[in-house]
Every structure is written in structure tokens, then in C-alpha cells.
Amino acid sequence: MLHVRMIKAKNPEEVGKIAADQFEALIHSKPACVIGLATGSTPLPLYRELIERERAGKIDFTRVRSANLDEYKGLAPDHPQSYRRFMQENLFDHISIRPENTIVPDGLAEDVDAMCRGYEEKIENWGGVDLQLLGIGHDGHIGFNEPEDHFPVMTHEVALTEMTREANKRFFDSIDEVPTAAFTMGIGTVMAAKKIVMVVTGKDKADILYKSFFGPVTPEVPASILQMHPDVTVIFDEAACSWE
Ligand code: F6R
């Protein structure tokens with residue numbers, strides 16, 4: 001049964017504004033909420049909007065806690081392409097969130113199992129994620145949960161597919177510099193969030209958006225599991241629903 005809320009926006013900026021409304025409403029009702037965050041190009045208009053809204057006095061991030069979905073394995077937090085750095089530059093450095101209240105998986109973890117377990121425990125100790133933001137990859141990945149024969153449950157290490165490395169090479173000098181592995185929240189971690197907001201923009205995402213929400217639920221399309229979550233809102237622009 002599809003109980004996913006689908007909201008069509010004109011363009012990526014409007015997607016950002018509608019998504020920002022969801023964050024604003026949550027932060028008003030629960031100032032010390034836990035938000036799950038994503039990197040990539042799609043959330044950028046949302047992050048710009050959140051920064052503006054805090055500057056305008058409409059939101060206050062001082063008590064908010066955040067957990068990011070994923071990080072490249074082998075990249076230090078200050079590496080120009082690390083997801084920690086992305087979050088600092090595109091959001092955290094411009095809002096009042098406290099550094100100790102932001103977590104991103106440790107790309108340099110030596111004891112991978114301990115780091116992944118610790119990440120789950122931290123989120124649990126915070127009381128779980130209230131609102132999880134997601135983008136979607138061309139192969140249906142969420143976080144770095146790539147198509148597989150099962151849905152991985154917890155935070156774990158994952159090998160990146162060539163499709164994903166190819167899509168992400170735009171941020172690196174060459175494909176050889178794109179890491180071959182990453183750490184990501186599991187599908188179980190994502191599904192445990194009380195509310196999920198997915199943002200999708202651009203014509204190149206139309207096919208996978210359709211498959212994820214109007215096709216069968218299968219680990220070959222990781223995002224399709226969201227059909228089973230009780231509170232999902234997908235906000236997409238006109239280009240991303242060009243199947244219509
Ligand atoms: C990154 C993440 C990824 C991206 C996806 C889409 O934290 O969770 O699943 O959401 O790769 O990326 P963009 O938005 O760049 O198309």
C-alpha cells in the first residue's frame with residue numbers, strides 16, 4: 001500500500017523551500033530534535049534556505065542534533081571531498097548548531113565495527129532520528145546503500161559501485177581519486193526514523209523516482225523500501241517527474 005506523500009514543486013529552489021518548511025515545523029515543535037542529513041547536490045537549495053531562515057530569526061539550531069547518512073572511507077574530516085567538510089561548508093558553519101551535536105561516520109576509523117556500532121548507539125542515545133533527509137542515486141541508492149540481494153540493516157562499510165563512483169567523480173580531479181568504499185547508515189537505520197523527507201530533482205532522476213515508488217519493493221532498488229515506511233514525503237521538481 002502506497003502511503004507516501006508526493007509533493008510536486010516547480011524547480012529545485014521550490015523543493016528546497018518545501019523541505020525547509022518540514023524542518024522548520026519540526027524544530028518549532030521539538031527544539032532539541034534529531035535530524036538525519038544527506039550530502040550531494042540535491043539538498044543544497046534546502047541548506048541555503050535553512051541558513052537564510054535562521055538568519056531571519058525563523059529557526060534556531062542551537063539545540064538541534066544531527067547525524068549524517070554517510071562518509072567516504074579513507075577521507076579525513078578536513079579532506080576537501082569528505083562529507084564532514086561538505087556539511088561544514090554548506091550548512092554547519094553558517095548555523096548555530098553546536099559542533100558536538102553533529103555526527104558524521106568517521107572515514108578514518110580503524111576499528112570499523114566499533115565505529116559503526118558506536119554510530120548506531122549515539123543515535124539511539126539521542127532518542128532516534130525525528131526527521132531523516134534523503135536524496136536518491138540513479139541506481140536507487142539511499143545513503144550509500146547500493147542495490148544488493150538484501151537490505152542491510154545497520155551502519156556498515158560498503159563498496160561503491162562504478163555507477164556511483166562515476167556519478168561522484170564530478171567532485172574529484174579524476175575517477176581514480178574517488179574512494180572505492182564508504183560507511184553508511186543501514187536501511188534499518190533509515191527506516192527507524194520517525195519521519196522521512198526525500199528530495200529529488202532533475203530529469204535524470206525521473207526513471208529511478210518512478211521505479212522506487214511505483215515499482216516492486218526490492219533490494220535491487222534500495223529506495224523502494226520507503227513504500228513500507230509510515231511517514232514519507234517525497235518532494236520533487238517538474239523535471240524529476242517527466243514520466244507524467
Ligand atoms: C549522500 C547520499 C546519497 C545522495 C545521492 C544523490 O549523503 O545520501 O545517497 O543522496 O547520491 O546525490 P545527488 O543529490 O548529488 O544527486
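Counting convention: from 1, in listed order, for ligands and their atoms alike. It should be emphasised that the depicted structure is a prediction, and the values quoted were computed from it without experimental measurement. Excluded from the calculations below are hydrogen atoms, water molecules and symmetry mates; all remaining heavy atoms, backbone and side chain alike, are included.
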Checklist entry - What atoms of ligand 1 come closer than 4.0 angstrom to any heavy atom of Gly40? => result 14 (O), 15 (O)
Next on the checklist: Within the structure provided, determine whether Asp111 and Asp113 are in side-chain contact (heavy-atom separation under 4.5 Å).
Outcome noted: yes
Checklist entry - How far is atom 5 (C) of ligand 1 from its nearest protein heavy atom, and which residue and atom name does that atom have? => result His141 NE2, 3.4 Å
Item to check | Atom indices of ligand 1, in the order listed, that fall short of 4.0 Å to a heavy atom of Arg170 | outcome: 15 (O)
Item to check | Closest protein heavy atom (residue, atom, distance) for atom 6 (C) of ligand 1 | outcome: Ile136 O, 3.3 Å
Checklist entry - Is there a side-chain contact between Lys10 and Asp237 (heavy atoms, below 4.5 Å)? => result no
Item to check | Under 3.5 Å: N/O of Gly143 near N/O of ligand 1 | outcome: yes
Next on the checklist: Tell me if the aromatic rings of Phe213 and Phe236 count as close, with their centers under 6.0 Å from one another.
Outcome noted: no
Checklist entry - Relative to the heavy atoms of Thr42, which atoms of ligand 1 are at a distance of less than 4.0 Å? => result 13 (P), 14 (O), 16 (O)
Next on the checklist: Assess the residue pair Phe172 and Tyr72 against the criterion (ring-ring contact (aromatic ring centres under 6.0 Å, His included)); give the C-alpha distance rounded to whole Å, side-chain angles, the decisive distance to 0.1 Å, and a yes or no.
Outcome noted: CA-CA 13 Å; Phe172 293 82; Tyr72 285 118; 5.7 Å; yes
Next on the checklist: Using the side chain to side chain donor-acceptor pair (under 3.5 Å) definition, which of the options Asp204, Thr161, Thr164 pairs with His138?
Outcome noted: Asp204
Checklist entry - Among protein heavy atoms, which lies nearest atom 16 (O) of ligand 1, and at what distance? => result Lys205 NZ, 2.7 Å
Checklist outcome for this item: Looking only at non-hydrogen atoms, the one of Thr39, Asn68, Val199 nearest atom 1 (C) of ligand 1 is Thr39
Item to check | Region of Thr164 that comes within reach of ligand 1 [heavy atoms, distance under 4.0 Å] | outcome: neither
Checklist entry - Are side-chain N/O atoms of Gln22 and Thr233 paired as donor and acceptor at under 3.5 Å? => result no
Check residues 184-191 and write down every donor-acceptor pair under 3.5 Å in which the side-chain atom is one partner and the other belongs to a residue at least two apart or another chain.
from: Thr184; atom 1: OG1; to: Phe144; atom 2: N; distance (Å): 3.0
from: Thr189; atom 1: OG1; to: Glu120; atom 2: OE2; distance (Å): 2.8
from: Thr189; atom 1: OG1; to: Val153; atom 2: O; distance (Å): 3.3
from: Thr189; atom 1: OG1; to: Gly186; atom 2: N; distance (Å): 2.9
from: Thr189; atom 1: OG1; to: Gly186; atom 2: O; distance (Å): 3.4

Item to check | Geometric N/O contact Tyr83 with ligand 1, under 3.5 angstrom | outcome: no
Checklist entry - For ligand 1, is there an N or O atom under 3.5 Å from any N or O atom of Asn168? => result no
Next on the checklist: So if I count the atoms of ligand 1 from 1 in the order they appear, which ones are less than 4.0 Å from some heavy atom of Leu69?
Outcome noted: 8 (O)
Checklist entry - What's the shortest distance from atom 10 (O) of ligand 1 to any protein heavy atom, and which residue and atom give it? => result Gly135 CA, 3.3 Å
Checklist outcome for this item: shortest atom 15 (O) of ligand 1-to-protein heavy-atom contact is with Ser41 N, 2.8 Å
Next on the checklist: Using a 4.0 Å cutoff against the non-hydrogen atoms of Asp70, which atoms of ligand 1 qualify?
Outcome noted: 1 (C), 2 (C), 7 (O), 8 (O)
Checklist entry - Just wondering, are more than 12 heavy atoms of other shown residues or ligands nearer than 6.0 Å to CD in Glu100? => result yes
Atom pairs and distances, side-chain donor-acceptor, residues 23-31, under 3.5 Å, sequence neighbours left out:
from: Glu24; atom 1: OE1; to: Arg53; atom 2: NH1; distance (Å): 2.8
from: His28; atom 1: NE2; to: Lys58; atom 2: O; distance (Å): 2.9
from: Ser29; atom 1: OG; to: Ala25; atom 2: O; distance (Å): 3.3
from: Ser29; atom 1: OG; to: Leu26; atom 2: O; distance (Å): 3.0
from: Lys30; atom 1: NZ; to: Asp130; atom 2: OD1; distance (Å): 2.8
from: Lys30; atom 1: NZ; to: Asp130; atom 2: OD2; distance (Å): 3.2

Next on the checklist: Can a side-chain donor-acceptor contact be found between Arg85 and Gln81 if the only test is distance below 3.5 angstrom?
Outcome noted: no
Checklist entry - Can you list the atoms of ligand 1 that are under 4.0 Å from a heavy atom of Ala38? => result 7 (O)
